[in-house]
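Below: one structure in structure tokens.
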Amino acid sequence: VTGRARGWTVAALVAAIAVLVTSVAWAFGGGMVGGPTVARHGTGWMFTGQAGSSAGEANGSQTLPGTVVDVVAVDMGAMMGGRAMMGDWAGSSWARGHMFLGTDRTTVASGTVTLRLTNDGSVDHELVVLPLEDGQQVGRRVVGPDGTVDESTSLGEASASGAEGEGDGIAPGATGWVTLDLAPGRYELVCNIAGHYAAGMYALLVVT
Ligand SMILES: [Cu+2]
């Protein structure tokens with residue numbers, strides 16, 4: 001390889017990395033106009049923007065009880081250019097491995113806590129609150145043949161569009177919430193729609 005050829009190879013590599021970085025930045029920033037900004041945080045994802053700005057403030061006229069923890073659900077359908085893409089991406093193994101829940105904090109004081117899920121994805125999502133046992137890590141639950149994890153220990157869930165509590169799933173663009181009295185401990189927030197936990201939809205919440 002001549003020196004000149006090597007130079008071109010390096011230039012091409014640098015250009016490729018630049019494109020990759022730009023596209024990732026787009027996916028987490030500009031790709032979701034008005035939506036939250038998501039960043040890798042420890043073993044999960046954390047968003048740093050306004051959760052309600054893209055959700056239509058379904059509960060904007062209400063005062064939610066307690067400390068509000070904002071959670072955002074994101075999947076590759078939304079990240080790849082909007083809800084119109086879901087047909088192409090939702091069923092692919094690549095998309096299945098690229099869904100996540102982001103939280104606006106990892107710790108919250110015990111007592112009355114409202115968990116508010118904003119669905120910035122392309123398919124329905126939900127939020128189920130499961131206690132973690134000592135030493136149990138998030139993302140390690142056994143996924144059954146039906147694609148879900150055992151939620152028999154659930155303390156509550158947000159799965160209704162524009163409403164509190166249980167429903168048929170929070171639709172893309174909608175917000176749902178659940179208010180709980182949480183004792184100190186470690187909790188795992190999960191989306192237990194078939195396949196979503198395995199795809200990465202879980203987040204740690206520590207109650208102090
Ligand atoms: Cu989900």
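Computed from a prediction, not measured in an experiment: that's the story for all the values here. Along the sequence shown, residues are numbered consecutively beginning with 1. Counting starts at 1 for both ligands and their atoms, following the listed order.
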Discussion item. Can you tell me if, anywhere in Met201, an N/O/S atom lies at a distance from the Cu ion (ligand 1) that is smaller than 2.8 Å?
Written reply: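 Given the 2.8 Å cut-off, Met201 counts as a ligand of the Cu ion (ligand 1).
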Item to complete: May I ask you to check whether over 12 heavy atoms, not counting those of Asp146, lie within 6.0 Å of atom CG?
Response: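 Counting neighbours around CG of Asp146, more than 12 heavy atoms of other residues, nucleotides or ligands fall under 6.0 Å, so yes.
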Practice prompt. For the pair Glu188 and Gln137, evaluate side-chain contact (heavy atoms from CB on, under 4.5 Å) and give the outcome as yes or no after the intermediate values.
Written response: CA-CA 9 Å; Glu188 183 172 12; Gln137 300 301 308; over 6 Å; no
Item to complete: For the Cu ion (ligand 1), find the closest N/O/S atom belonging to His196 and write down its atom name.
Response: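 Output for this pair reads ND1.
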Discussion item. Can you confirm whether Trp177 sits close enough to Leu64 that some side-chain heavy atom of one is under 4.5 Å from a side-chain heavy atom of the other?
Written reply: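 Heavy-atom side-chain distance check passes, below 4.5 Å.
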Worksheet item: For the Cu ion (ligand 1), what is the closest N, O or S atom on His125?
Response: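 Atom name returned: ND1.
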Worksheet item: For the residue pair Asn119 and Val123, what are the closest heavy atoms and their distance?
Response: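 Scanning both residues, the minimum pair turns out to be ND2-O, 2.8 Å.
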